[in-house]
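Protein chains get the first letters and strands the later ones, always in sequence-line order, with residue 1 at the start of each. The figures here come from the full heavy-atom set of this structure, side chains too, leaving out hydrogens, waters and symmetry mates. Values in this document were obtained by computation on a predicted structure and should not be read as measured data.
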Amino acid sequence: MDTHPTFSCADELRHWPTDETRARAVQDRLRTCVRLDESGPPPGFAGTVVGVDVAYDDARNVVAAAAVALDAQTLAVVDEATAVGEVSFPYVPGLLAFREIPTVLDALTRLTRTPDLVVCDGYGLAHPRRFGLASHLGVLTGLPTIGVAKNPFTFRYEPPGPERGATSPLLDRDGVEGVDEEVGRALRTQKGVKPVFVSVGHRVGLDQACAHTLHLAAAYRLPETTRAADSLCRRALARA
DNA sequence: GCGACAG
DNA sequence: ATCTTGTCGC
């Protein structure tokens, strides 16, 4: 009578790296498990989209994570969960997953339903080793994931058109002329506001990732999943 | 060596 | 991420 969704990543958690060298080795190993051949749940599907986010209190060395499930069609909140832990990895650009994922997984497993799609704060494929937070969380859980970031990180892009829904390719910084690879997309979710940066995580295509993001960002620049998770983890941190 | 860098 | 006041605008 276990109603909690379970994920087969206990082994990875037991062997969680504590230094940068081993962390990069983990990324290089797990990268081969990412599935980029599935388009994922179609826009407008009947199910839940879960947003995850984390907040920190450096002074107390405490981290709080939140997972909020929204009805994919109405965007109504249907479930939410939080988890509190100890900060166990420093912020290192390119290694964000090792700082955030343990507590995020804890919160995810406290949901009463299995997510159909998970939206992360940060990147997936758009990553120095093509294995960002969203990719990592996807491989560990097996769930379809995407990343929606607020900043272009190390990538370059031309500003998308001014209208909501306009996109432009997110390109690797050191791409040589003519061989640039599109690692994600800058997506204008609201007219006249800075774009967000979308990349695929696991088992979702880039077109679908952008479509989901646009649908989730019907009212504000950021997806409702991100806004709800951000708000909840801050509240959880405050009472921790 | 220097700069830059999701959250 | 987090530290932080007022202020401009719908």
Side-chain angles (χ1 to χ4, degrees), chain A residues 20 23-24 26-27 30-31 34 51-68 82-108 118-139 145-157 164 170-175 182-187 189-202 206 209-210 213 217 219-223 225-238 240:
Chain A
E20 299 185 17
R24 291 192 183 88
V26 168
Q27 292 180 327
L30 293 183
R31 184 180 51 211
V34 174
V52 294
D53 194 17
V54 168
Y56 301 93
D57 182 335
D58 290 325
R60 291 184 300 155
N61 202 43
V62 170
V63 52
V68 180
T82 61
V84 173
E86 200 171 272
V87 180
S88 57
F89 205 96
Y91 171 68
V92 180
L95 300 180
L96 179 63
F98 297 95
R99 180 172 168 84
E100 304 215 330
I101 282 186
T103 318
V104 164
L105 275 174
D106 195 349
L108 271 181
V118 179
V119 180
C120 300
D121 261 43
Y123 282 109
L125 222 212
H127 178 273
R129 285 168 297 285
R130 299 295 179 268
F131 195 71
L133 171 64
S135 320
H136 204 142
L137 186 63
V139 167
T145 61
I146 67 173
V148 179
K150 306 174 196 68
N151 300 296
F153 198 16
T154 64
F155 304 99
R156 59 190 174 80
Y157 68 102
R164 168 175 155 83
L170 195 59
L171 306 168
D172 200 79
R173 175 166 285 178
D174 44 61
E182 182 182 42
V183 295
R185 254 169 229 164
L187 168 65
T189 55
Q190 295 291 326
K191 184 174 183 178
V193 305
K194 177 180 169 180
V196 297
F197 305 90
V198 180
S199 60
V200 304
H202 184 59
L206 185 54
C210 289
T213 302
Y220 298 94
R221 174 187 177 230
L222 296 179
T225 38
T226 299
R227 291 166 45 80
D230 178 79
S231 165
L232 182 57
C233 71
R234 289 186 197 225
R235 277 176 275 147
L237 183 64

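Ion pairing between a basic and an acidic side chain is recognised when a charged N comes within 4.0 Å of a carboxylate O; K150(A) and D121(A) show such pairing.
Counted within 6.0 Å of NZ on K191(A), heavy atoms from surrounding residues, nucleotides or ligands total 12 or fewer; the atom is thus considered open.
Between Y91(A) and dA1(C), no base-stacking contact is recorded for ring centres under 5.5 Å apart and planes less than 30° from parallel.
Aromatic rings of F197(A) and Y157(A) (six-membered ring for Trp) have centroids within the 6.0 Å cut-off, being under it.
Between L137(A) and C120(A), the closest side-chain pair of non-hydrogen atoms falls below 4.5 Å.
Comparing dA6(B), dG7(B), dC5(B) by their closest approach to the side chain of T154(A) singles out dC5(B).
Using a 4.0 Å heavy-atom cutoff across all strands shown, I101(A) reaches no nucleic acid atom at all. Counting non-hydrogen atoms under 4.0 angstrom, G94(A) reaches a base of the nucleic acid. Counting any heavy atom pair closer than 4.0 Å across all strands shown, D53(A) reaches sugar-phosphate atoms only and no base atom.
Taking only side-chain nitrogens and oxygens, N151(A) comes nearer than 4.0 Å to OP1 or OP2 of dG7(B). Between dA1(C) and R234(A), a contact under 4.0 Å exists linking OP1 or OP2 to a side-chain N or O. Between K150(A) and the phosphate of dG7(B), there is a side-chain N or O to OP1/OP2 separation shorter than 4.0 Å. The phosphate of dG7(B) (OP1 or OP2) has no side-chain N or O of Y56(A) nearer than 4.0 angstrom.
Going from atom CG of D58(A) over to atom P of dA1(C) covers 12 Å, rounded to whole Å.
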